[in-house]
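Down below is the structure, laid out as structure tokens.
Quantities reported herein were computed from a predicted structural model and do not represent experimental measurements. The chains referred to below are lettered A, B, ... by the order of the sequence lines, with proteins before strands, and numbering in each begins at 1.
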Amino acid sequence: MEFQPTISEPQWQQQWNEAKIFSTEMDESKPKFYCLEMYPYPSGRMHMGHVRNYSIGDAVARYKRAMGFNVLYPMGFDSFGMPAENAAIAEGGHPRDITERNMTSITEQIKRMGFSYDWNRMLKSHGPEYYRWNQWVFKRFLEKGLAYREHAPVNWCTDCATVLANEQVKNGRCWRCRSEVTQKDMSQWFLRITDYGDELLSGLEEIDFPLNVKSLQQDWIGRSEGAEISFGIDSMPDEEIKVFTTRPDTLYGATFVTLAPEHRLCEKLVKGSHYEADWKELRDEVVRMSDFDREKVLKEKKGVFLGQYAIHPLTGKQVPIWAGNFVIASYGTGAVMAVPAHDQRDFEFANRYDIPIKKVLLASIDEDAEAEIKKAYTGLGTMVNSGEFDGTFGEDAKRVIIDALESKKKGKGTIQWKLRPWLISRQRYWGTPIPIIHCDECGPVPVPDEQLPVELPDDISFSGQGNPLESSPTFCNVNCPTCDKPARRETDTMDTFVDSSWYFIRYSDVQNNLALFDKKKADYWMNVDFYCGGIEHAQMHLIYARFWTKALRDLGLSSANEPFQTLLCQGMVNAPAPWCDSCAVTLNVKHRGSPCPQCQGELSERSAKMSKSLGNTVSPEEMIERFGADTVRLFILFAAQPTAGMDWSDSGLQANHRQILQLVDMPETILGWSGSSSSIDAWLKARMKQRFAEWSQVMDSYDLRRAVEISHFEIIKDINWYQRRGGSNAELGRWLLEQWTHMLQAATPHLAEDWWQQLGGSDLLASRVFKGPGLLSAEDQRAIDDEMYLRIVLDEARERKQLAMRHLEVAPKNLIIQTTEAWKMDLAISGVSFQLDGGDVKKFSKVIETKPYAQGEMRGEVIKLWRKRMLPMVFKWSDIHKALLLNGLDESGVINSAAGFLAAELEVESVECSQAGESSAAFPLKPSVLYQ
RNA sequence: GCGGGGAUUGCCAAGCUUGGUCAAAGGCGCUGGGUUUAGGUCCCAGUACAUACUGUUUCGCAGGUUCGAAUCCUGCUCCCCGCACCA
């Protein structure tokens with residue numbers, strides 16, 4: 001059959017579309033399955049990362065559909081965001097036009113892959129019908145106090161001309177443009193994601209996310225238990241210094257207190273003293289420094305004495321107050337108690353400034369409490385030098401100190417979070433306008449619900465200067481909803497991560513114009529059963545979405561606790577790129593063949609993430625054009641496990657294309673079978689049941705690579721074997737194809753439809769529910785076992801033949817097979833059943849002694865055989881092998897009934913098989929073989 | 001520094017959770033045979049070393065547990081990825 005995927009694939013896509021088989025509605029009578037991929041940002045072209053992501057999701061969706069689930073599988077676009085706005089600034093035009101143009105072209109490419117989306121549910125974040133609900137929810141958050149405005153130091157990216165959330169600052173740089181982030185004081189809108197810290201953490205236990213993602217989220221949430229402790233100030237009875245520590249057990253070792261240089265008390269403490277100038281210098285240095293510089297410069301601990309003393313809350317003793325550059329103003333209370341003996345940073349600091357070091361924890365009882373220390377001991381220990389608490393250990397030690405503090409009202413046990421409120425303001429145009437009007441009289445006033453959405457205006461100039469929204473008088477100048485006096489509209493827009501924080505629920509009821517979604521529908525579909533996307537969203541999108549879902553639940557809008565039940569992070573798509581070993585740098589493909597531009601050394605090749613900058617990208621469109629979508633899909637699924645990095649390889653793609661071509665011819669071959677039933681039929685049928693059972697099991701665990709291996713590779717081998725064994729049953733062949741085509745469609749749906757058509761299917765395969773070939777019966781298993789035994793014998797005989805040829809003058813004519821002696825078989829059966837009954841194999845020699853054949857001079861031989869060969873085999877034999885033995889496999893019978901086949905395979909004239917006599921080399925399941 | 005994940009036979013990559021179906025799947029590559037007008041596809045076989053009877057050395061390195069370890073334990077080396085003066 002001629003295979004022209006560029007023609008046939010779009011035809012099937014059109015038919016699917018016309019039959020509307022992928023559009024779903026709520027249906028309580030069926031089990032639901034919600035399959036979702038992270039919706040893409042509409043850049044102009046589809047790249048291999050997209051193709052991989054969606055090939056995985058589509059295989060799952062199609063599988064679940066075939067298994068009778070009501071599958072929701074939508075697609076949409078994360079279409080707000082800076083690239084479009086930046087393009088508008090650079091090239092002119094409007095972000096909306098650019099975005100929609102891009103969406104059109106990427107949609108077309110996605111459709112060419114034949115993914116089974118319900119396009120009726122298409123969603124775009126930049127549509128007012130979507131973002132009005134961002135505004136609506138924002139208002140509800142505001143009412144609940146979950147959203148608020150605050151004047152605070154925030155992260156500012158100069159290049160992007162906007163503020164950023166904490167999660168969007170990576171190593172002091174902007175996550176998007178990688179330029180430096182500075183601190184700036186601004187009034188901004190925040191969401192109290194921190195209210196959900198505990199639940200975000202504990203919820204991780206009830207969802208199936210990869211370990212590394214869970215660990216990333218735990219790190220990010222950063223819960224640490226400890227105590228807040230108040231130190232008095234000697235000269236200021238009304239003030240106190242609150243510090244946070246995770247180690248209250250070291251409190252007696254606190255020999256000083258360190259404040260962040262920006263701490264509000266610093267100035268008060270030094271005012272007018274001769275310490276003031278030094279402090280100012282330190283503070284200015286720290287404030288000036290961006291986080292990025294900090295990382296480099298702050299290897300060195302630096303501080304100034306502030307000239308004042310704090311009062312230790314338990315001992316009442318005076319300890320000096322310092323300001324230190326390593327204390328972060330925004331974490332904890334911005335002040336720490338310094339315990340040099342048990343904290344490495346404090347230790348270095350104390351050494352440098354000659355502050356006393358006092359050991360208060362002992363790692364072991366015999367340690368000298370007064371000995372000089374060279375390094376801080378940071379583990380748990382037994383308290384010493386701690387007054388009445390001496391001798392208390394570890395967690396108890398923490399507890400008793402906290403109790404003591406609480407009874408004296410000098411502190412309390414608390415929990416600190418690294419998680420900060422989510423800063424959602426952005427000083428950019430292409431996002432959801434924050435629905436607020438600022439009135440001089442009334443302050444910030446929410447836009448009334450009936451006036452939503454607040455739409456983005458079109459009279460904007462994209463100059464690249466300032467927030468574009470400020471250039472629109474029609475947008476900015478409004479009257480106050482409360483007092484009707486002239487007021488000014490908020491020009492901040494929302495972080496685009498807001499859009500992606502709930503789009504998955506919106507899909508459940510995407511066309512609803514009266515509410516963000518209908519609760520019944522949301523509750524039917526949520527949560528997402530299978531979510532697939534890149535690891536890069538592990539701590540932004542995936543945390544925000546979890547928070548938002550919980551917040552919507554608490555507003556009574558839905559019941560879902562968690563948005564995503566199972567998360568699969570697909571690996572990168574890599575391709576070779578030039579690599580310089582001595583410079584340890586990956587280079588653009590244009591350097592291929594020339595020396596390293598830096599060291600002039602020779603370049604080798606290394607696998608690297610496909611990227612524009614390296615130029616090692618492969619165009620999906622080109623590959624689809626050359627090989628068809630099914631080949632690309634098969635290759636992508638087969639080249640690596642979904643979670644592993646995958647190396648693009650042209651030869652691999654071609655190999656998979658050959659595989660497709662082979663499959664294309666299968667129906668013709670099999671439908672050409674003209675024979676009737678034969679003894680091997682039972683085997684093939686059994687084998688098909690076995691293959692299906694394993695296939696569905698691995699599909700359920702999303703091991704798509706293994707699934708494809710079975711459906712697209714191993715079944716072909718089975719058919720080859722069936723034909724070798726003389727099978728050609730026409731009826732069975734048709735049955736087999738009918739089963740098989742369902743398994744093919746998960747990865748290669750177009751090919752499967754081709755098959756279905758050839759089989760005379762009048763409907764679309766994709767619309768059918770697949771019941772499977774049935775369960776594996778005992779007889780089925782037996783058929784498989786017998787054939788497996790034959791295969792063992794054949795392989796063994798073939799190997800022996802090669803060796804025999806070295807010793808024979810002419811090609812061998814006769815093959816003489818001897819199956820094992822009765823006594824060895826008996827020994828094997830006894831050994832296996834002894835082991836299966838849980839007997840201690842070391843004691844099996846007792847059993848041997850009772851055997852009639854182990855008496856007299858045979859005894860030594862039997863014991864030796866047992867120890868050396870039989871014992872290992874008793875454990876080595878698979879369950880299948882063991883069953884063969886225990887069920888009384890007739891070795892000679894199986895061989896003799898296939899003698900003709902063996903003779904033909906091994907190219908000999910005759911095959912004789914008999915059971916061996918007293919002493920031979922034959923062994924159970926391993927007959928001896930002799931060529932003549 | 002903290003946390004997470006790795007290191008498998010020419011390459012890619014299974015298996016290791018529940019030690020024995022492991023000389024270790026599958027793909028690629030390579031070799032030989034068949035098919036074919038030829039190339040290609042396809043089919044069969046081989047691909048650690050040895051060997052007409054089943055042996056030797058292998059799963060990052062070094063030990064240990066066991067009748068038995070790629071799989072469990074201990075230590076070490078190297079690689080990747082997050083977070084990072086977070087108190």
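- For the P atoms, the distance from B/C12 to B/G29 is 15 Å, rounded to whole Å.
- Side chain of A/F244, nearest nucleotide from B/A87, B/C43, B/C83: B/A87.
- A residue-by-residue look at A/R705 and A/D343 shows that A/R705 has its nearest nucleotide of RNA chain B further toward the 5' end.
- For B/A14, one of the phosphate oxygens OP1 or OP2 lies less than 4.0 angstrom from a side-chain nitrogen or oxygen of A/Q641.
- Among the heavy atoms of the strands lying under 4.0 Å from A/N212 are primed sugar atoms or P, OP1, OP2 only; no base atom is included.
- Nucleotide B/G3 holds its P atom 19 Å from the CH2 atom of A/W220, rounded to whole Å.
- B/A14 makes up no base pair with any nucleotide shown, lacking Watson-Crick or G-U wobble contacts both under 3.5 Å.
- For A/I328, whose side chain is taken as the heavy atoms from C-beta onward, the closest listed nucleotide among B/A45, B/A52, B/C85 is B/C85.
- When the C1' atom of B/U41 is taken as reference, atom CG of A/L661 falls 8 Å away, rounded to whole Å.
- With rounding to the nearest 0.5 Å, the separation of OG in A/S728 from CD1 in A/I670 is 11.5 Å.
- Across all strands shown, A/R345 has heavy atoms under 4.0 Å from base atoms, whether or not it also approaches the sugar-phosphate.
- Separating the CD atom of A/Q723 from the C1' atom of B/C42 is a distance of 11 Å, rounded to the nearest angstrom.
- Look at B/C42: its Watson-Crick or wobble partner, with both distances under 3.5 angstrom, is B/G34.
- Searching all strands for a Watson-Crick or G-U wobble partner of B/C76 with both distances below 3.5 Å returns B/G60.
- At the phosphate of B/C43, OP1 or OP2 sits under 4.0 Å from a side-chain N or O atom of A/N720.
- If A/A644 and A/R724 are placed on RNA chain B by their nearest nucleotide, the residue sitting closer to the 5' end is A/A644.
- Residue A/V929 is classed as a base contact, given a heavy-atom separation below 4.0 Å to a base.
- Annotation: cation-pi geometry not satisfied between A/R724 and A/F901 (NZ/CZ under 6.0 angstrom from ring centroid, within 45° of ring axis).
- Close to B/C86, at under 4.0 Å from its OP1 or OP2, lies no side-chain N or O of A/Q416.
- Going from the C1' atom of B/A13 to that of B/A52 covers 35 Å, rounded to whole Å.
- The separation between A/D249 atom CG and B/A87 atom P is 13 Å, rounded to whole Å.
- For the atom pair A/M540 CE and A/W220 CH2, the distance stands at 9.0 Å (nearest 0.5 Å).
- The shortest non-hydrogen separation linking A/G253 to A/V360 is N-CG1, 3.4 Å.
- The two residues A/E167 and A/L419 make their nearest non-hydrogen contact at OE2-CD1, 3.9 Å.
- In this entry B/C22 has no Watson-Crick or G-U wobble partner, no candidate having both defining distances under 3.5 Å.
- Near-neighbour residues of RNA chain B inside residues 708-718 of chain A, defined by a heavy atom below 4.0 Å, number-ordered: A/E709, A/K717.
- Taking the C1' atom of each, B/U9 and B/A23 are spaced 8 Å apart, rounded to whole Å.
- For B/A87, the OP1/OP2 oxygens have a side-chain nitrogen or oxygen of A/Y331 closer than 4.0 Å.
- Between A/Q218 and the phosphate of B/G4, there is no side-chain N or O to OP1/OP2 separation shorter than 4.0 Å.
- The same atom, C1', is picked in B/G10 and in B/U31; the two are 13 Å apart, to the nearest Å.
- The A/F638 side chain lies nearest to B/G27 when the options are B/G27, B/C83, B/C43.
- The side chain of A/S215 lies closest to B/G3 when the candidates are B/C28, B/G3, B/C42.
- Straight-line distance between the C1' atoms of B/G60 and B/U51: roughly 31 Å, to the nearest whole Å.
- Comparing B/G75 with B/A24, their C1' atoms are spaced 27 Å from each other, to the whole Å.
- Heavy atoms of A/I535 sit nowhere under 4.0 angstrom from any nucleic acid atom.
- Between B/G63 and B/A14, the two P atoms lie 29 Å apart (nearest whole Å).
- Spacing of P atoms, B/C59 relative to B/G40, comes out at 39 Å, to the nearest Å.
- A/K398 and A/D249 are not joined by a salt bridge, as no carboxylate oxygen comes within less than 4.0 angstrom of a charged side-chain nitrogen.
- The partner of B/G3 is B/C81, by the rule that a Watson-Crick or G-U pair needs both atom distances under 3.5 Å.
- Judged by Watson-Crick or G-U wobble contacts below 3.5 Å, the nucleotide B/U47 has B/G29 as its partner.
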